[in-house]
> 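After the structure tokens below, expect a handful of questions from me.
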Amino acid sequence: MAKKSEIIVKEVAVKTIKHGNVDYICMTDIARMKNAIDPNGVVANWMRNRIRLSSWVYGDVV
């Protein structure tokens with residue numbers, strides 16, 4: 001079963017979930033730091049920029 005928790009990043013709560021040995025973070029929570037009104041627009045921009053998304057997925061571990 002997945003374990004849910006939160007971490008604080010720059011005074012903002014970011015949801016995390018651990019499934020097996022893999023940690024996942026909520027991209028929308030991180031996007032809210034950039035644009036609190038429209039975080040979905042920030043995520044859409046990330047999805048268009050594969051290089052940035054790939055570095056997050058493969059380079060950063062929570």
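All of these numbers come straight from a predicted model, not from anything done at the bench.
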> Find the distance between CD1 (Ile17) and CD (Glu6) and round it off to the nearest 0.5 Å.
12.5 Å

> Can you name the residues that form a side-chain hydrogen bond (donor to acceptor under 3.5 Å, both in side chains) with Ser5, not counting sequence neighbours?
Thr16

> To the nearest 0.5 angstrom, please state how far the CE atom of Met27 sits from the CG atom of Asn40.
11.0 Å

> Assess the residue pair Met33 and Val9 against the criterion (side-chain contact (heavy atoms from CB on, under 4.5 Å)); give the C-alpha distance rounded to whole Å, side-chain angles, the decisive distance to 0.1 Å, and a yes or no.
CA-CA 9 Å; Met33 286 187 251; Val9 179; 3.8 Å; yes

> Identify the heavy atoms of Asp23 and Lys18 that sit nearest to each other, and give their distance.
OD1-CG, 3.2 Å

> Taking side-chain hydrogen bond (donor to acceptor under 3.5 Å, both in side chains) as the definition, give me every residue that meets it alongside Lys34, ordered by chain and number, with sequence neighbours left out.
none

> Just how far is it from atom CD1 of Ile7 to atom CG of Asp29, taken to the nearest 0.5 Å?
9.5 Å

> Is the shortest heavy-atom distance from the side chain of Lys4 to the side chain of Lys15 under 4.5 Å?
no

> If we only count heavy atoms from C-beta on, is the Ile30 to Ile25 side-chain gap below 4.5 Å?
yes

> Do you know the tightest heavy-atom contact between Val43 and Ala31?
CG2-CB, 3.8 Å

